[in-house]
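What follows is one structure encoded as structure tokens, with my remarks underneath.
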Amino acid sequence: MSTQLTSSFPKPLEKLSEIEIKRKACIAKVMTYTLGNLTSQFVRNGFEWLLPVALSQSTDPLWPDPGASIEKRIEIDIYGKTVRTTASMIIHKLIASSIAYPKLFILSPNIRIEKPDRAKTGLHIYEFSQLDFEIRDATSKYVMNLVENSIQDLITNLQKDMKKELITLCTYDTIKIPKIPFKIYDRCDLEAKYGEKWETEISEKSSDPIWITNIPREFYDYEDFETKEWDNYDLFLPKYGEVLSGAKREWEYSKILKKIERDKINKENYKLVLQLSKEGKIKPTSGGGIGLERLVGWISGVKHIAETQPFPRIPGWVHEL
Ligand code: ATP
Ligand code: ASP
Ligand code: MG
């Protein structure tokens, strides 16, 4: 099924008018600035910058996914083994930060063939990038504080150095320097208050970035089996939506195994992380991933985040480039 490209969707480069090319160039400047600012902050804070991988046997299962948004998973055979395109580098992060790089980040390419109706959300593309990071022995609180400082620093400097671009994009007056710490909400309370549409309701109602914790997710996020609470966190931007997901992680073999089995995930694809956790080589870590197109889309005030991409990846629509 293909998506009908209407005027509300971002166009490919060769279809842009002069004025639209100027806007596209302005967004590229904001993207360049954002990448420079965030990567410099992580390097300054002692993180190693790892280069990404695109094909591996183990990738993010993206399951259980309450939104069940993936239409197709890409698997190919190379050298007699089945590999998958990177959905996220979460498994790589757990192993790499446990063994060799206690503080790491990666500008990671994520391929998620979202269902075509996700084209309409304005927040989904089928190829995107995360600034994905992981820290050995860190708590959730430490990560949340690090992210709050990074976002505050980014917005403060953007307003100084990218004033002209933000004025052109009409966001100079709307994107405020956020006060920290950000407010924290428990997902259970939001569900009780707003029902199943809590994500959209809370995004519309908030005028500052907020954290939402305790979200049931994939096996790698830490879950307290007694209280049934999840030690994880999503960052939501005002009038927009989710821009980061992260968590304290599971590291104990018995819990990882139990959750993989509970989620009915193919153990074969997670052999290494299971083996390493059995040997006690997976360490407690915490981390998260910032969706870069979403972050820059919010700063730039785009209607659809594919506008931040030189080669738009709109669900349901395939272009020659
Ligand atoms: P959503 O619920 O919005 O579909 P998700 O919770 O499934 O997203 P995660 O698996 O948490 O996404 O991915 C980490 C981050 O990557 C998200 O917080 C978001 O910023 C970004 N992201 C996820 N899916 C997409 C997508 N299809 N297009 C662009 N960015 C995405
Ligand atoms: N990057 C996310 C995390 O660190 C994982 C994901 O992409 O879902 O938790
Ligand atoms: Mg998420």
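Just so you know, ligand 1 is whichever comes first in the structure, and atom 1 is the first atom listed for that ligand.
The hydrophobic cluster analysis finds L51 isolated: no Ile, Leu, Val, Met, Phe, Trp or Tyr side chain comes under 4.5 Å of it, directly or through other members.
With respect to R313, the side chain to side chain contact (heavy atoms under 4.5 Å, CB included) criterion is satisfied by exactly one of H124, E293, E127, E114: E127. When each of R249, K248, K283 is checked for a salt bridge (charged side-chain N to carboxylate O under 4.0 Å, His left out) with E134, only R249 meets the rule. With F105 as reference, T39 is the one residue of L50, D132, T39 to meet the side chain to side chain contact (heavy atoms under 4.5 Å, CB included) rule.
Looking at K93 against ligand 2, only its side chain comes within 4.0 Å, counting heavy atoms. Under 4.0 Å from ligand 2, not a single heavy atom of E218 appears.
Applying the side-chain hydrogen bond (donor to acceptor under 3.5 Å, both in side chains) rule to S17 yields the partners E20; only residues at least two apart in sequence or on another chain are considered.
Atom 7 (O) of ligand 2 has Q130 NE2, 2.8 Å as its closest protein atom, hydrogens excluded (heavy atom only). Here the heavy atom of the protein found nearest to atom 6 (C) of ligand 2 is D60 OD2, 3.5 Å. The nearest heavy-atom contact from the protein to atom 2 (C) of ligand 2 is S245 O, 3.7 Å.
The distance between the ring centers of F219 and Y270 falls below 6.0 angstrom. Aromatic ring centroids of F311 and H319 lie 6.0 Å or more apart.
Inside a sphere of radius 2.8 Å centred on the Mg ion (ligand 3), the protein N/O/S atoms present are E242 OE2, S245 OG.
Near ligand 1, R112, E114, R118, L123, H124, I125, F128, Q130, R217, E242, V243, L244, S245, G291, R294, I305 each place a heavy atom less than 4.0 angstrom from the ligand.
Atom CG in N157 sits 10.0 Å away from atom OG in S40 (nearest 0.5 Å).
Under a 4.0 Å N-O distance rule, the pair E165/K29 does not qualify as a salt bridge.
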